Q: 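Before anything else, here's the structure in question.
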Protein chains: 2
Amino acid sequence: MARVGLTTEGLIRAGAETADEIGFERTTPTELARRFGVKTASLYSHVKNAHDLKTGIALFALEELADRASEAVAGRAGKDALIAFANVYRDYALEHPGRFAATRFPLDAEAAASGAGVRHAQMSRAILRGYHLAEPHQTHAVRLLGSVFSGYVGLETAGGFSHSAPGSQESWTEILNALDALLRTWPTSS
Amino acid sequence: MARVGLTTEGLIRAGAETADEIGFERTTPTELARRFGVKTASLYSHVKNAHDLKTGIALFALEELADRASEAVAGRAGKDALIAFANVYRDYALEHPGRFAATRFPLDAEAAASGAGVRHAQMSRAILRGYHLAEPHQTHAVRLLGSVFSGYVGLETAGGFSHSAPGSQESWTEILNALDALLRTWPTSS
DNA sequence: TGGGCTTTCCTAACATGATTAGGCAACCTG
DNA sequence: CAGGTTGCCTAATCATGTTAGGAAAGCCCA
């Protein structure tokens with residue numbers, strides 16, 4: 001019985017790759033065991049259960065995405081930063097659909113409090129710095145940006161824009177222009 | 001063996017209610033059979049399989065949502081219509097979380113082509129009529145609206161806004177104001 | 001180098017869910 | 001009320017998730 005060298009970290013990494021290949025839904029302990037050439041029960045020394053595994057993949061993806069975003073935003077401001085941030089988000093989803101799906105896995109409170117969520121919020125705020133929005137407007141704008149990115153990419157990856165003209169790239173570009181314009185003229189009274 | 005009177009329609013309705021109670025994920029043939037006091041195998045005369053059942057619930061929810069939206073939008077225009085439409089969407093999600101989750105179930109091409117998707121698109125365009133946007137800008141704007149509503153409500157129901165001030169209602173109101181302003185001044189050149 | 005400890009993976013077993021095939025009884029139709 | 005249809009059941013199979021306990025592989029130290 002040659003040992004394969006399972007680790008929690010290795011399972012999560014393999015889980016992320018598996019999710020991109022066959023979908024996050026189908027990334028199960030059984031499937032990972034198959035890929036490692038190991039019995040399913042053997043995974044249970046390294047992950048608590050299936051839910052725990054998925055949470056791990058979700059946190060891994062969130063961190064990876066935050067890494068990319070923070071690199072893209074560094075040294076940019078205003079519209080440049082907005083576009084760079086948005087594109088990181090969208091490109092990640094198109095390149096890694098399974099990991100992107102993982103970022104939407106509902107996290108319990110403790111998991112959600114862990115690093116990644118906070119990093120994403122901080123970056124949104126950093127981008128908005130260039131638009132000089134006072135609170136509470138800044139928070140509302142952060143929520144709008146999160147909604148647009150999450151919503152657009154979610155609809156796009158679900159195939160929502162693929163059967164009609166114009167192409168998705170055009171809409172994306174124009175929407176980012178529109179968001180930039182909106183942030184520069186954000187209405188501060190109802 | 002008293003007959004319970006299972007029907008496809010009845011199963012889908014019960015499925016929608018079950019989804020709101022215990023979540024769309026957990027709305028399975030087995031669970032529905034339990035609720036009808038029937039053996040699981042008995043459902044298979046009425047639905048093809050679990051996936052088919054979920055697709056049915058998704059289409060049911062999409063139609064129900066389109067009904068509400070079309071009623072809300074009737075007789076309104078411009079900002080009024082925008083706000084009414086947006087609130088129908090959000091209220092539906094808060095009131096019927098399971099059905100809302102169902103609307104995000106990935107549909108295969110044939111199911112997606114069926115009525116509901118078309119109705120939603122038509123309503124978005126009807127709302128934008130009041131803003132006088134020419135193509136292709138109108139399509140881009142339709143996609144933006146869909147993204148914002150879907151994204152915001154998705155994040156909200158996932159608990160994204162519940163642990164920070166200000167409250168979600170305030171953000172929602174301000175975001176709708178901002179969208180209205182954006183649509184009135186939509187930038188038509190890059 | 002070899003004995004013992006720890007860790008890793010395995011076997012065995014069970015629960016739950018999805019699904020199919022075939023049977024009997026309840027309802028409708030005439 | 002006889003006959004056919006339909007609805008629900010029994011029985012069986014297969015996949016996945018999960019737990020408990022065993023055996024052996026690798027590491028530590030004499």
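What you see is a predicted model, and the numbers here were worked out from it, not measured in a lab. Proteins come first, then strands; the chains are lettered A, B, ... in the order of their sequence lines, and each starts at number 1.
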Q: With respect to the side chain of Y44(A), which nucleotide from dG17(D), dT19(C), dT20(C) is positioned closest?
A: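 Selected nucleotide: dG17(D).
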Q: dG17(D), dA20(D), dA18(C): which one has an atom nearest the side-chain heavy atoms of A41(A)?
A: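 Of the options given, the side chain of A41(A) lies nearest dA20(D).
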Q: Considering only dC9(C), dT11(C), dC8(D), which nucleotide approaches the side chain of K39(A) most closely?
A: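 So the side chain of K39(A) is nearest to dT11(C).
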Q: Quick check on dG17(D): is either OP1 or OP2 less than 4.0 Å from any side-chain nitrogen or oxygen of T28(A)?
A: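 The answer is yes; a side-chain N or O of T28(A) sits under 4.0 Å from OP1 or OP2.
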Q: For the residue pair S150(A) and Y89(A), confirm or rule out a side-chain donor-acceptor distance under 3.5 Å.
A: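 Distance-only check fails for S150(A) and Y89(A).
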Q: Given dT11(C), dG7(D), dG17(D), which nucleotide is nearest the side-chain atoms of R3(B)?
A: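 Out of dT11(C), dG7(D), dG17(D), the nucleotide with an atom closest to R3(B)'s side chain is dG7(D).
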Q: Is a salt bridge present between E64(A) and R99(A), judged by a nitrogen-to-oxygen distance below 4.0 Å?
A: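 Salt bridge: yes.
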Q: For a quick check under 3.5 Å, do N49(B) and Y44(B) share a side-chain donor-acceptor pair by atom type?
A: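 There is no such pair between these side chains.
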Q: Provide, to the nearest angstrom, the distance between the CZ atom belonging to F36(A) and the P atom belonging to dT8(C).
A: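 Going from CZ in F36(A) over to P in dT8(C) covers 14 Å.
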Q: In this structure, how many angstroms lie between the P atom of dC27(C) and the CG atom of L6(B), rounded?
A: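 That distance rounds to 14 Å.
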Q: Nearest to the side chain of P29(B) - dG17(D), dA18(C), dC10(C)?
A: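 When the side chain of P29(B) is considered, dA18(C) is the closest of dG17(D), dA18(C), dC10(C).
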Q: Mind checking if R34(B) touches a base, just sugar-phosphate, or nothing, with heavy atoms under 4.0 Å?
A: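 Answer is sugar-phosphate: R34(B) comes under 4.0 Å of backbone atoms only.
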Q: Can you check the L43(B) CG to dA21(C) P distance for me, whole Å?
A: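 L43(B) atom CG is separated from dA21(C) atom P by 17 Å.
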Q: For N49(B) and dC14(D), what is the distance between atoms CG and C1' respectively, to the nearest whole Å?
A: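 In whole Å, dC14(D) C1' and N49(B) CG are 16 Å from each other.
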Q: Please determine, by modelled atom types, if Q169(B) and R90(B) share a side-chain donor-acceptor pair under 3.5 angstrom.
A: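 There is such a pair between these side chains.
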Q: Which whole-number value in Å describes the distance from D52(A) CG to dG17(D) P?
A: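 To the nearest whole Å, that distance equals 14 Å.
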Q: In terms of side-chain heavy atoms of H46(B), which of dA24(D), dA21(C), dC8(D) is nearest?
A: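 The listed nucleotide nearest to H46(B)'s side chain is dC8(D).
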Q: Under 4.0 Å between a side-chain N/O of S42(B) and OP1 or OP2 of dG7(D), yes or no?
A: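 For S42(B), the contact criterion (side-chain N or O under 4.0 Å from OP1 or OP2 of dG7(D)) is not met.
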Q: Taking the side chain of T30(B) as its heavy atoms from C-beta onward, which of dT11(C), dG17(C), dC8(D) lies nearest to it?
A: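 In terms of side-chain proximity for T30(B), the closest of dT11(C), dG17(C), dC8(D) is dG17(C).
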Q: Would you kindly give the CZ-to-P distance between R26(A) and dA18(C), to the nearest whole Å?
A: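 Rounded to the whole Å, the gap is 17 Å.
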Q: Send over the distance from E25(A) CD to dA18(C) P, rounded to a whole Å.
A: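 One finds 14 Å between P of dA18(C) and CD of E25(A), rounded.
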Q: Do the rings of W172(B) and Y152(B) sit parallel, tilted or perpendicular, given the 30° and 60° boundaries?
A: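 Judged by the thresholds at 30° and 60°, the geometry between W172(B) and Y152(B) is tilted.
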